[in-house]
J.: 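So that we are looking at the same thing, I have put the structure below in structure tokens.
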Amino acid sequence: MSKILITSALPYINGVKHLGNLAGSMLPADVYARAMRLMGHEVLYICATDEHGTPAELAAQAVDMDVAKYCAQMHDAQKQAGAQFKLTFDYFGRSSAPSNHALTQHFAHILEENGLIEERVSQQVYSKADGRFLPDRYVEGTCPNCDFEKARGDQCDNCGKLLDPIDLIYPYSAVSGSKDVEVRDTNHLYLKQSAMADDLRKWVNAAQGWPPLATSIALKWLDEGLRDRAITRDLKWGIPVTNKDGSPRDGFDGKVFYVWFDAPIEYIAATQDWASETGGDWESWWRTDKGADDVQYVQFMGKDNVAFHALSFPTTIIGSGEPWKLVDQIKAFNWVTWYGGKFSTSEKRGVFMDQALDIAPSDYWRWHLIANAPEGNDAAFTWEEFQASVNSDLANVLGNFVNRITKYCVGKFDGKVPDGGQAGEAEAWLITELQTRIPQLISFYEAREFRKAMAETRAIWAAGNEYLTQAAPWTHYKTDVDQAAIGVRYGLNLVTLFGILAQPIIPDAAEKILGAMNIPELNRTWNFGDADGIASLVDALPIGLEISAPEVLFTKIEDTDIAEWSQRFGGGES
RNA sequence: GGUGGGGUAGCUCAGCUGGUUAGAGCGCAGGACUCAUAAUCCUGAGGUCGUGAGUUCAAGUCUCACUCUCACUACCA
């Protein structure tokens, strides 16, 4: 047994997340956390909302709300959406929490003492009408390259050229439309990532168990030459910049820390909050001098977050010179794409977590999204694929298997696990199948290879159907009830095994299956043991145990549903 | 523009350090079975692995060029 710390990239506060966010960090992290718990590891799964920054302020402003209230409301909405998707966070915190304020200040002070933070002056566009500095992409104007009139300050959407907002012709504020904008000097704190580049490169090169995506992005940034990064912004909403005694820092009035500085620190702060709520020991997860040296720390995130987790946050951690736990494995995902493009909150493209649950249960989404996780590539979401996953994998292969054998047992064997029968070829085949597939399944989970783990899970379910075809208890029943009994008994044991294996992925269905089979909690873990242990799984249920046939586990998705959803969500348009 | 991915059966994707007839699921065709959610099981058809050249006894796998596509490009997060 080992200690496994799991964090999922913090979902940003400005709205309920879409399925791409779910599929690319929170869901796989949850599946992994659940599987590791079942294997007997001590798991702590931490997540939180990322609440600071310009988009939060503007989103609150758009609905005429105080930003703190807006964030509190959205935090609750996201927490609820997570709970409805059965995400088993041990703690779901907030980056605006007092603990994170304190810890962020701590890191800033110690990094400055260590010479890794310095003040520099840069130029930024200020909008008088809005009374605020504008991040580059909130300045629009005419592109100096192609004359496109709505070019963003960071990049022109028309010609694709990278821009500096200062170069825009006729610049205006994208927030208010005001043309009363000017360039002003502004001082900021910079994190000297460049000073850490050699250490980071050594660390990245030595990293084990990262997908190529994570390593290649990290090395790309290092190869291009790691630049120092501003870690403060001209904003009101955020963690203010203070001196060590808590007094305001000179010249940093109206400035706060950049979200990407404080958000990863929230992983630690949320653990502190978890500890104070539960009586847990946060230091044993984060301080290598207090027991965290044997923690395995895995971070889940989309590819856009890799640079921050593989370079910036480690700069904070290593640069502090304090014994903080550094991430061991970064599991990075590509995007789920939506009919050729990205899911987009602003353009309302795609399906959002709350809407998804209006049209299908969480199990359906969990299975489809994890079985088609964007691991190696961007993964295309289509309604047809979703329908096929649910109908074929869940309803036909798993659901129907559970249904056919439990109903048969109820009908012919009084709903009790029957005794009798001789194990033969079919049983031997089944055992061999499980002896090769279950260890493979475990190793896919341990390696966080989710698509492969799901394919293996499906193959195990299919093996159940194949076994029943070979054993054909309904044929034997006519001449030899005992021989029918063994097929039914093994089938029921398989139902139980399938339920146990399904727990991390489709927890609701797993619960229904294991409940119908009357399996106590204690017997639902993943302690399969060696080959003999696996062989014993097929005949583990006590003879005479009463079982019931669960209600239909998965309702099929009809073509008419697909047509309706495509219409409603705009998918399937060409 | 620069950098990094990717382009493999109708669809969604596997193919590790180059090595016999390129794989899976879905879909499709045929057959079997009848316990079951018209479910399941078996068999089969389908690919000159983006294009062109090169290295090699041997290339989906390595090199170069080209092409298409996605992402990143540091003040969106």
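Values below: all heavy atoms of this structure, side chains included; hydrogens, waters and symmetry mates excluded. Everything quoted here is computed from the prediction, not taken from an experiment.
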J.: What is the distance, rounded to the nearest whole Å, between atom CG of A:Asp228 and atom C1' of B:C75?
T.: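 One finds 15 Å between C1' of B:C75 and CG of A:Asp228, rounded.
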
J.: Between A:Asp154 and A:Ala462, which has a closest nucleotide on RNA chain B that is more 5'?
T.: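 On the 5' side of the pair lies A:Ala462.
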
J.: Could you grab the distance from atom CD of A:Glu384 to atom OG of A:Ser389, nearest 0.5 Å is fine?
T.: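 The distance works out to 11.5 Å.
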
J.: Taking only the P atom of each, what is the distance from B:A39 to B:U48 in whole angstrom?
T.: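 Looking at atom P only, B:A39 and B:U48 are 32 Å apart.
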
J.: Under the ring-ring contact (aromatic ring centres under 6.0 Å, His included) rule, collect the residues that match up with A:Phe386, sequence neighbours excluded.
T.: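 Partners of A:Phe386 under the ring-ring contact (aromatic ring centres under 6.0 Å, His included) test: A:Trp365, A:His368.
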
J.: Is there a donor and acceptor pair, one atom on the side chain of A:Gln124 and one on the base of B:C75, closer than 3.5 Å?
T.: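 Yes, the side chain and the base share a sub-3.5 Å donor-acceptor pair.
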
J.: Please, what dot-bracket string fits RNA chain B when only Watson-Crick and G-U pairs with both distances under 3.5 Å count, crossing ones use [ ] and pairs to another strand use |?
T.: (((((((..((((.....[...)))).(((((.......))))).....(((((..]....))))))))))))....

J.: Do the ring planes of A:Phe352 and A:His18 sit parallel (below 30°), tilted (30 to 60°) or perpendicular (above 60°)?
T.: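 Plane angle over 60°, so perpendicular.
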
J.: Under 4.0 Å between any heavy atoms, over every strand shown, what does A:Ala379 touch: base, sugar-phosphate, or nothing? Just pick one.
T.: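 The residue A:Ala379 makes sugar-phosphate contact but no base contact.
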
J.: Using the C1' atom in both, what is the distance from B:G5 to B:A45, to the nearest Å?
T.: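 Nearest-Å result for B:G5 against B:A45 at atom C1': 34 Å.
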
J.: Report yes if a side-chain nitrogen or oxygen of A:Arg451 is closer than 4.0 Å to either non-bridging phosphate oxygen (OP1 or OP2) of B:A14; otherwise report no.
T.: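 Negative; the distance criterion is not met.
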
J.: Who pairs with A:Asp482 by salt bridge (Lys or Arg N to Asp or Glu O under 4.0 Å), at least two apart in sequence or on another chain?
T.: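 In terms of salt bridge (Lys or Arg N to Asp or Glu O under 4.0 Å), with neighbours along the sequence ignored, A:Asp482 is linked to no residue.
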
J.: Checking all strands, does A:Phe554 fall into the base, sugar-phosphate, or nothing category for heavy-atom contacts under 4.0 angstrom?
T.: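 It contacts base atoms.
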
J.: Between B:A14 and B:A32, how many Å separate the two C1' atoms, rounded to a whole number?
T.: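 My reading of the C1' atoms in B:A14 and B:A32 gives 30 Å.
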
J.: In whole Å, I'd like the distance from the CD1 atom of A:Ile13 to the C1' atom of B:C76.
T.: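 Atom-to-atom, A:Ile13 to B:C76, this comes out as 16 Å.
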
J.: When the C1' atoms of B:C16 and B:G23 are considered, how many whole Å apart are they?
T.: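 Approximately 15 Å lies between the C1' atom of B:C16 and that of B:G23.
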
J.: Which residues satisfy the side-chain hydrogen bond (donor to acceptor under 3.5 Å, both in side chains) test with A:Glu119, sequence neighbours excluded?
T.: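 Scan of A:Glu119 (side-chain hydrogen bond (donor to acceptor under 3.5 Å, both in side chains), adjacent residues dropped) gives A:Asn187, A:Arg249.
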
J.: In whole angstroms, how far is the P atom of B:A24 from the CH2 atom of A:Trp461?
T.: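 To the nearest whole Å, that distance equals 20 Å.
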
J.: Rounded to the nearest angstrom, tell me the gap between atom NE2 in A:His368 and atom C1' in B:G25.
T.: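 The distance from NE2 of A:His368 to C1' of B:G25 comes to 12 Å, rounded to the nearest Å.
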
J.: Who pairs with A:Trp474 by ring-ring contact (aromatic ring centres under 6.0 Å, His included), at least two apart in sequence or on another chain?
T.: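 By the ring-ring contact (aromatic ring centres under 6.0 Å, His included) rule, A:Trp474 matches no residue at all.
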
J.: Say you pick atom C1' in B:C33 and the same atom in B:U40; how far apart are they, in whole Å?
T.: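 Here B:C33 and B:U40 have their C1' atoms 8 Å from each other.
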
J.: Once you round it to whole Å, what is the distance between P of B:C35 and CD1 of A:Ile486?
T.: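 Checked: the CD1 to P distance equals 20 Å.
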
J.: Need one value for A:Asp50: base, sugar-phosphate or nothing, where a base atom within 4.0 Å counts as base even if backbone is also close, heavy atoms only.
T.: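 Sugar-phosphate only.
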
J.: Classify the nucleic acid contact of A:Gly399 as base, sugar-phosphate or nothing, counting any heavy atom under 4.0 Å across all strands shown.
T.: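 Base: the residue A:Gly399, judged by heavy atoms under 4.0 Å, touches a nucleobase.
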
J.: Can you tell if the side chain of A:Ile231 reaches within under 4.5 Å of the side chain of A:Tyr190, non-hydrogen atoms only?
T.: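 No; the side chains remain at least 4.5 Å from each other.
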
J.: Using the salt bridge (Lys or Arg N to Asp or Glu O under 4.0 Å) criterion, which residues pair with A:Arg152? Sequence neighbours excluded.
T.: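 Once residues adjacent in sequence are excluded, the partners of A:Arg152 under the salt bridge (Lys or Arg N to Asp or Glu O under 4.0 Å) criterion are A:Asp154, A:Asp157.
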
J.: A:Leu553 near the nucleic acid: base, sugar-phosphate alone, or nothing, with a heavy-atom cut-off under 4.0 Å?
T.: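 The answer is base, as A:Leu553 lies within the cut-off (heavy atoms under 4.0 Å) of a base atom.
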
J.: So, do A:Trp474 and B:C35 meet the stacking rule of ring centres under 5.5 Å and planes under 30°?
T.: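 Stacked: centres under 5.5 Å apart, planes under 30°.
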
J.: Separation of A:Phe381 atom CZ from B:C70 atom P, in whole Å?
T.: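 Atom-to-atom, A:Phe381 to B:C70, this comes out as 20 Å.
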
J.: Anything under 3.5 Å between a protein N or O and an N or O of nucleotides 26-32 of chain B, put it in a table, one pair a line.
T.:
none

J.: Once you apply a heavy-atom cut-off of 4.0 Å, does A:Lys220 come out as touching a base, just sugar-phosphate, or nothing?
T.: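 Base, at least one base heavy atom under 4.0 Å.
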
J.: Run the salt-bridge test on A:Glu118 and A:Arg120 with the 4.0 Å N-O cut-off and return the result as yes or no.
T.: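 A salt bridge is present here (some side-chain N lies under 4.0 Å from a carboxylate O).
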
J.: Between B:G47 and B:A24, how far apart are the P atoms? Round to whole Å, please.
T.: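 15 Å, rounded to whole Å.
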
J.: Please work out if A:Phe308 contacts a base, only the sugar-phosphate, or nothing of the nucleic acid, heavy-atom cut-off 4.0 Å.
T.: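 Base contact.
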
J.: Using only heavy-atom distances, decide whether a donor-acceptor pair under 3.5 angstrom links the side-chain of A:Arg227 to the base of B:A74.
T.: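 Counting by modelled atom types and ignoring angles, a donor-acceptor contact under 3.5 Å is found here.
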
J.: Could you pull out the protein-nucleic contacts involving nucleotides 5-7 of chain B (nitrogen or oxygen on both sides, under 3.5 Å)?
T.:
none

J.: When you measure from the side-chain N and O atoms of A:Lys452 to the phosphate of B:G25, is any distance below 4.0 Å, counting only OP1 and OP2?
T.: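 No, no such contact exists.
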
J.: For A:Val552, which contact category applies under a 4.0 Å heavy-atom criterion: base, sugar-phosphate, or nothing?
T.: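 Result for A:Val552 = base.
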
J.: What interatomic distance, in whole Å, is found between C1' of B:C28 and the corresponding atom of B:G46?
T.: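 That atom pair is separated by 9 Å.
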
J.: OP1 or OP2 of B:C75 less than 4.0 angstrom from a side-chain nitrogen or oxygen of A:Arg137, does that happen here?
T.: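 No, because none of the side-chain N or O atoms of A:Arg137 sits under 4.0 Å from OP1 or OP2 of B:C75.
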
J.: Classify the side chain of A:Asn400 versus the base of B:A36 as yes if they form a donor-acceptor pair under 3.5 Å and no if they do not.
T.: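 Per atom types, the contact qualifies.
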
J.: Does any part of the side chain of A:Met196, heavy atoms only, come nearer than 4.5 Å to the side chain of A:Leu226, both counted from C-beta?
T.: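 Side-chain contact under 4.5 Å: no.
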
J.: Rounded to whole angstrom, note down the C1' distance from B:A38 over to B:G19.
T.: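 It comes out at 47 Å once rounded to the nearest Å.
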
J.: A:Trp335 near the nucleic acid: base, sugar-phosphate alone, or nothing, with a heavy-atom cut-off under 4.0 Å?
T.: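 If one applies the 4.0 Å heavy-atom cut-off, A:Trp335 turns out to touch the sugar-phosphate alone, with no base involved.
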
J.: Is there a side-chain polar atom (N or O) of A:Arg404 under 4.0 Å from OP1 or OP2 of B:C35?
T.: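 No, outside the criterion.
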
J.: Under 4.0 Å, counting only non-hydrogen atoms across every strand here, what does A:Gln470 touch: a base, just sugar-phosphate, or nothing?
T.: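 Nothing, no nucleic acid heavy atom in range.
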
J.: Kindly write out the residues that satisfy salt bridge (Lys or Arg N to Asp or Glu O under 4.0 Å) with A:Glu140, not counting sequence neighbours, or none if the list is empty.
T.: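 For A:Glu140 there are no salt bridge (Lys or Arg N to Asp or Glu O under 4.0 Å) partners, ignoring immediate neighbours.
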
J.: How is A:Lys412 classified with respect to the nucleic acid when contacts are heavy atoms under 4.0 Å: base, sugar-phosphate, or nothing?
T.: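 If one applies the 4.0 Å heavy-atom cut-off, A:Lys412 turns out to touch nothing in the nucleic acid.
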
J.: With respect to the phosphate group of B:A38, does any side-chain polar atom (N or O) of A:Lys556 fall under 4.0 Å of OP1 or OP2?
T.: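 It does not, given that no N or O in the side chain of A:Lys556 lies less than 4.0 Å from OP1 or OP2 of B:A38.
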
J.: For the pair A:Thr7 (side chain) and A:Gln299 (backbone), establish whether a donor and an acceptor sit closer than 3.5 Å, ignoring hydrogens and angles.
T.: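 No; judged by distance alone, with no hydrogens or angles, the pair does not exist.
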
J.: Reckon A:Tyr477 touches a base, only the sugar-phosphate, or nothing at all at heavy-atom distances under 4.0 Å?
T.: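 Nothing, no nucleic acid heavy atom in range.
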
J.: What pairs meet the side chain to side chain donor-acceptor pair (under 3.5 Å) rule with one or both residues in residues 451-460 of chain A, with sequence neighbours excluded?
T.: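 Found A:Asp393-A:Arg458, A:Arg437-A:Glu456.
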
J.: How is A:Ala307 classified with respect to the nucleic acid when contacts are heavy atoms under 4.0 Å: base, sugar-phosphate, or nothing?
T.: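 Nothing: the residue A:Ala307, judged by heavy atoms under 4.0 Å, touches no strand.
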
J.: Could you check whether A:Asp223 pairs with A:Arg201 (Lys NZ or Arg NE/NH1/NH2 to Asp/Glu carboxylate O, under 4.0 Å)?
T.: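 Yes, charged N to carboxylate O under 4.0 Å.
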
J.: Scan A:Ser122 against the nucleic acid and name what it touches under 4.0 Å (heavy atoms): base, sugar-phosphate only, or nothing.
T.: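 Answer is base: heavy atoms of A:Ser122 come under 4.0 Å of a base.
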
J.: Which pairs with one or both residues in residues 211-235 of chain A pass ring pair (Phe, Tyr, Trp, His ring centres under 6.0 Å), sequence neighbours excluded?
T.: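 Sorted pair list comes back empty.
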
J.: Any salt bridge (charged side-chain N to carboxylate O under 4.0 Å, His left out) pairs touching residues 366-379 of chain A, not counting sequence neighbours?
T.: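 Salt bridge (charged side-chain N to carboxylate O under 4.0 Å, His left out) check on residues 366-379 of chain A returns A:Asp30-A:Arg366, A:Lys303-A:Asp378, A:Lys331-A:Glu375.
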
J.: Let me know the distance between CZ of A:Phe261 and C1' of B:A74, rounded to the nearest Å.
T.: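 That distance rounds to 16 Å.
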
